[in-house]
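Whatever order the structure lists them in is the order used to number ligands and atoms, beginning at 1.
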Amino acid sequence: MSRTGFIFDLDGVIVDTAKYHYLAWKNLADELGIDFTQEDNEQFKGVSRRRCLELLLEMGNISVSKEQFDNWLEEKNEDYLKYISGMDESEILPDVTKILGYLKEKGIPMALGSASKNAIPILEKVSLLPYFDAIVDGNQVTKAKPDPEVFLIAAEKLGLEPLHCVVFEDALAGIEAANIAGMVSIGIGDVNILSNADHGFKDFTEIDFNFINDLIILLKNKN
Ligand code: BG6
Ligand code: MG
């Protein structure tokens with residue numbers, strides 16, 4: 001039995017869906033007359049759909065009824081689903097399949113730890129679902145990142161102690177969640193933004209098998 005588990009965020013780590021979330025929020029923001037930039041979108045990464053809408057409405061100083069709130073949530077998601085409907089393997093981020101394949105070959109347990117309620121259909125579209133031994137998504141968590149709940153459930157599902165797990169994340173809130181969980185955190189994206197990660201890489205093309213092997217040994221020997 002392996003003493004090491006690898007946990008991956010989905011949006012912005014495995015697939016480039018962060019851009020579709022941005023476009024869908026931008027469409028709603030335009031409709032509501034709220035100025036919404038790519039920079040604003042950074043705060044939305046790793047954050048639940050509901051919390052994103054709260055943030056957007058705060059930006060526009062808009063208060064709404066529960067019914068209107070739920071309608072806009074649905075509108076954003078329907079728009080997002082249109083963007084992702086045509087997704088296929090070509091939208092897997094560079095070298096992700098190479099690393100997942102290497103870990104699979106080595107028999108290392110892998111889990112998904114995502115805030116998205118659309119995680120399973122996306123993994124199916126890009127044919128990556130079979131790599132994962134456990135899926136934890138937005139349908140199962142009650143506390144959003146930076147709360148470590150999503151990663152702690154993932155570790156539990158893999159039957160591993162948190163200290164034997166590593167998390168790959170593109171969101172500040174996700175790195176914080178991994179750190180609080182006592183896991184090794186790997187930032188994927190802008191290393192200046194993700195400076196609180198234990199390790200940082202622009203993308204998976206910068207990660208080689210030696211790094212993965214060293215990580216496995218380090219995690220295995222942690223007590
Ligand atoms: C996260 C994204 O993975 O999932 C967030 O980084 C998104 O931007 C969140 O808001 C929820 O996703 P969904 O698919 O349930 O709206
Ligand atoms: Mg993400």
Side-chain angles (χ1 to χ4, degrees), residues 6-29 36-59 69-85 87 91-93 96 111-126 128-129 132 135-151 153-154 166-179 181 183 185-191 193-194 196-197 200-204:
F6 277 55
I7 304 173
F8 296 85
D9 172 49
L10 176 71
D11 296 313
V13 169
I14 290 182
V15 282
D16 194 9
T17 38
K19 64 183 180 205
Y20 298 137
H21 278 296
Y22 169 66
L23 290 172
W25 285 123
K26 173 91 183 125
N27 290 342
L28 183 64
F36 182 69
T37 63
Q38 296 255 26
E39 208 183 325
D40 296 324
N41 190 55
E42 280 304 311
Q43 297 174 59
F44 282 38
K45 289 187 177 173
V47 175
S48 72
R49 194 183 311 162
R50 194 159 269 281
R51 183 66 196 133
C52 289
L53 182 54
E54 283 169 6
L55 290 171
L56 188 72
L57 296 177
E58 277 166 27
M59 285 167 57
F69 187 92
D70 289 345
N71 287 344
W72 281 334
L73 265 190
E74 204 178 312
E75 183 180 328
K76 184 269 169 180
N77 194 49
E78 276 173 13
D79 205 16
Y80 176 68
L81 290 178
K82 272 186 216 144
Y83 282 116
I84 64 167
S85 64
M87 269 184 93
E91 298 200 45
I92 300 172
L93 286 164
V96 167
L112 191 86
S114 167
S116 173
K117 295 186 171 176
N118 296 302
I120 291 184
I122 290 174
L123 285 177
E124 277 170 346
K125 277 179 200 302
V126 300
L128 289 180
L129 190 57
F132 294 93
I135 304 281
V136 186
D137 65 15
N139 299 297
Q140 296 158 62
V141 292
T142 53
K143 297 176 211 134
K145 299 171 187 173
D147 191 285
E149 183 187 28
V150 60
F151 298 138
I153 297 176
V166 57
V167 171
F168 292 78
E169 257 292 347
D170 70 316
L172 266 174
I175 294 291
E176 213 182 315
N179 291 342
M183 300 177 177
S185 56
I186 314 255
I188 300 291
D190 187 332
V191 289
I193 296 178
L194 304 173
N196 60 343
F201 300 98
K202 181 172 65 65
D203 58 31
F204 281 84

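The side-chain hydrogen bond (donor to acceptor under 3.5 Å, both in side chains) contacts involving residues 135-149 comprise Asp9-Lys145, Asp137-Asn139, Asp137-Gln140, Gln140-Lys157, Thr142-Glu149, Lys145-Glu169, where partners must be two or more places apart or lie in separate chains.
Scanning the protein for heavy atoms near atom 16 (O) of ligand 1, the closest one is Arg49 NE, 2.8 Å. In terms of protein heavy-atom proximity, atom 3 (O) of ligand 1 is closest to Asp11 OD2, 2.6 Å.
The contact set between ligand 1 and Gly46, taken as ligand atoms under 4.0 Å from a residue heavy atom, comprises 2 (C), 5 (C), 6 (O). Under a 4.0 Å criterion applied to the non-hydrogen atoms of Phe44, ligand 1 contributes the atoms 5 (C), 8 (O).
Between Ser116 and ligand 1, an N or O atom pair is found at a separation short of 3.5 Å. Residue Lys117 has at least one N or O atom closer than 3.5 Å to an N or O atom of ligand 1. Considering backbone and side-chain atoms alike, Ser48 places every N or O at 3.5 Å or more from each N or O of ligand 1. Below 3.5 Å of separation, one finds an N or O of Asn118 facing an N or O of ligand 1. Taking distance alone, with nitrogen or oxygen atoms compared against 3.5 Å, Lys45 stays at or beyond that limit from ligand 1.
Residue Cys52 places a heavy atom less than 4.0 Å from ligand 1. Residue contacts with ligand 1 include Val47, since one or more of its heavy atoms lies under 4.0 Å from the ligand.
Note that CG of Leu23 and CD of Gln38 are 8.0 Å apart. Values are rounded to the nearest 0.5 Å. Within the model, atoms CG of Asn196 and CD1 of Ile175 stand 6.5 Å from one another, a figure rounded to the nearest 0.5 Å. From Glu54, atom CD reaches atom CG of Leu73 across 9.0 Å, with rounding to the nearest 0.5 Å. Atom CD1 of Ile122 and atom OH of Tyr20 lie 10.0 Å apart (nearest 0.5 Å).
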One pair to check against ring-ring contact (aromatic ring centres under 6.0 Å, His included): Phe44 and Tyr22. What are the steps and the verdict? CA-CA 8 Å; Phe44 282 38; Tyr22 169 66; 9.2 Å; no
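Of all protein N/O/S atoms, those lying under 2.8 Å from the Mg ion (ligand 2) come to 3.
The aromatic rings of Phe132 and Phe8 sit perpendicular to each other, their planes meeting at more than 60°, with 30° as the lower class boundary.
Residues Asn118 and Asp11 have side chains that never bring a donor and an acceptor to within less than 3.5 angstrom of each other. Lys76 and His21 share a donor-acceptor pair across their side chains, judged by distance under 3.5 Å alone. Defined by atom type and a distance below 3.5 Å, a donor-acceptor pair is missing between the side-chain atoms of Tyr80 and Asn27.
With respect to Asp16 and Lys19, a salt bridge is recorded, a charged nitrogen being found less than 4.0 Å from a carboxylate O.
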